[in-house]
Number of protein chains: 2
Amino acid sequence: MTRDREATSRRILEAARDLFAAHGYDQVTMRMIAAEAGANVALVNRYFGTKAALFAEALATGSTIESVIAGDPAGLAGRLAHRLAVRLQSGATEPVTRMVDRAGTSPEIQAILHAHVEATIIKRIAAQLDGPHPEQRALLAATMILGTGSVRRLFGPGVIEAVDAEEVEARLKAMFEICLRP
Amino acid sequence: MTRDREATSRRILEAARDLFAAHGYDQVTMRMIAAEAGANVALVNRYFGTKAALFAEALATGSTIESVIAGDPAGLAGRLAHRLAVRLQSGATEPVTRMVDRAGTSPEIQAILHAHVEATIIKRIAAQLDGPHPEQRALLAATMILGTGSVRRLFGPGVIEAVDAEEVEARLKAMFEICLRP
DNA sequence: TTGACAAGTAAACAAGCGTCTACTAACTCT
DNA sequence: AGAGTTAGTAGACGCTTGTTTACTTGTCAA
């Protein structure tokens with residue numbers, strides 16, 4: 001066994017991210033994470049402190065939703081709509097996004113999640129908007145983003161597979177335009 | 001102590017509903033429920049079987065969202081928008097609705113939740129709609145309803161208190177009209 | 001009044017959890 | 001080559017969980 005702290009801690013972080021995304025915070029144990037990473041349980045605590053801290057670090061891994069938000073403000077509604085339509089259809093979704101949906105209900109986790117959503121979604125969308133109360137409108141957009149996650153979690157991927165995906169995307173786009181416009 | 005099975009089991013059910021709504025499925029223990037109901041822990045299992053079964057029964061207690069959906073289909077978007085706007089402002093929310101938001105991530109609970117949302121939200125909204133794919137449009141409405149729950153859970157009640165609540169309600173109404181119309 | 005049934009109780013069960021401590025073994029530097 | 005640092009390990013600790021078992025107590029019919 002080669003000894004490489006950096007590689008090991010990275011494997012732990014990735015294992016944590018994937019498992020939290022797949023099964024939710026409460027369902028994942030430290031021992032599961034260690035096993036998935038091929039590491040010892042004690043190392044998880046040694047490198048990341050507590051389970052909640054590990055969750056927070058995994059959340060900070062970075063999400064591609066940020067790149068969807070960035071870009072031409074005029075096309076923001078369309079990009080978000082496309083992203084959500086894909087999420088409702090496709091089985092493969094980005095880990096960090098799923099972590100948010102399946103996060104637990106403990107106060108500590110809620111606080112971590114709150115900060116993450118505020119920083120990566122609300123603030124960044126609000127920064128793209130003109131007119132009064134940009135954060136209020138960004139909050140409505142977040143409602144749709146988080147709602148899509150809930151629906152996907154409950155109904156499973158491919159829930160709109162059988163029906164017209166393009167129509168859904170068009171509706172989502174119109175809804176985003178309403179909630180984002182000044 | 002008067003011995004009354006019916007009253008005791010009702011107290012347990014109400015305690016479970018309120019605690020699940022307040023803290024989420026995973027954070028609530030059987031002992032907490034028993035204490036809140038002023039009953040013995042063993043009775044909770046005796047009367048309701050398992051924790052998950054108790055959760056399911058508490059969920060079936062009935063929600064006022066059903067009465068919001070029922071009524072004149074023409075005013076459905078407005079009624080839903082009003083309901084959600086109130087939910088984003090007010091501290092007091094109906095227990096069953098909060099149970100849905102704060103439910104756990106275990107497969108068993110997900111299945112219970114899936115059935116509940118499908119029966120009380122999707123089906124009932126779809127029944128009000130004309131045109132093709134009513135369930136697809138009901139699913140988009142459910143996205144907003146569930147999304148509001150997530151936002152409220154993360155950001156706390158009163159998140160839009162400081163800003164213009166009427167404007168938010170108007171936006172929500174327009175968004176619902178788009179996702180519900182044929 | 002007594003006996004039987006049901007409501008309620010106390011205590012333990014077995015399992016699982018996150019976390020920590022004491023130890024081993026590999027790598028590095030002089 | 002040997003000492004010191006550090007990655008990695010094994011195992012236990014203490015606690016909490018949902019659930020069950022064995023027991024006690026109140027209630028009501030005969």
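In what follows, every chain begins at residue 1, and chains take the letters A, B, ... in the order their sequences are listed.
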Steps toward side-chain hydrogen bond (donor to acceptor under 3.5 Å, both in side chains) verdict (A/T97, A/R87): CA-CA 10 Å; A/T97 307; A/R87 209 205 291 189; 5.1 Å; no
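- A salt bridge links B/E167 and B/R171; the closest N-O separation between the charged side-chain nitrogens and carboxylate oxygens is under 4.0 Å.
- Within the nucleic acid shown, A/V28 comes within 4.0 Å of sugar-phosphate atoms alone, with no base atom in reach, counting heavy atoms only.
- We find that CZ of B/R5 is positioned 21 Å from P of D/dT25, with the value rounded to whole Å.
- Atom-to-atom, CZ of B/R3 to P of C/dG8 comes out at 6 Å; the value is rounded to the nearest Å.
- Ranking D/dT19, D/dA7, C/dC20 by closeness to the A/Y47 side chain, first place goes to D/dA7.
- Residue B/V44 is out of contact with every strand shown, counting any heavy-atom pair closer than 4.0 Å.
- Closest to the side chain of B/A42, out of C/dG18, D/dG18, C/dT9, is C/dT9.
- Within the structure, a side-chain polar atom (N or O) of B/T8 is placed less than 4.0 Å from OP1 or OP2 of C/dG8.
- Counting to the nearest Å, the C1' atom of D/dT6 and the CG atom of A/N40 are 15 Å from each other.
- For the pair B/Y47/B/I12, a side-chain contact is recorded, criterion being any heavy-atom separation below 4.5 Å from C-beta on.
- No engagement by B/F48 is indicated, since no non-hydrogen atom pair under 4.0 Å with the nucleic acid exists.
- Of the candidates D/dT19, D/dA10, C/dA10, D/dT19 carries the atom nearest the B/V41 side chain, counting heavy atoms from C-beta on.
- We find that CG of B/D26 is positioned 12 Å from P of C/dG18, with the value rounded to whole Å.
- For a distance-only test at 3.5 Å, the side chain of A/R46 qualifies as a donor-acceptor partner of the base of D/dG8.
- Between A/D4 atom CG and C/dT28 atom P the separation is 10 Å, expressed in whole Å.
- One distance of note links CE of A/M32 with CZ of A/F20; it measures 9.5 Å at 0.5 Å rounding.
- To the nearest angstrom, P of C/dA7 lies 16 Å from CG of B/N45.
- Checked by distance alone, A/R31 brings a side-chain donor or acceptor within 3.5 Å of a matching partner on the base of C/dG18.
- Of the possible donor and acceptor atoms, one in the side chain of A/K51 sits under 3.5 Å from a partner among the backbone N and O of A/Y25.
- Rounded to whole Å, atom C1' of D/dG18 lies 11 Å from atom CD1 of B/I33.
- Computed from coordinates, the B/R11 CZ to C/dG8 C1' distance equals 11 Å when rounded to whole Å.
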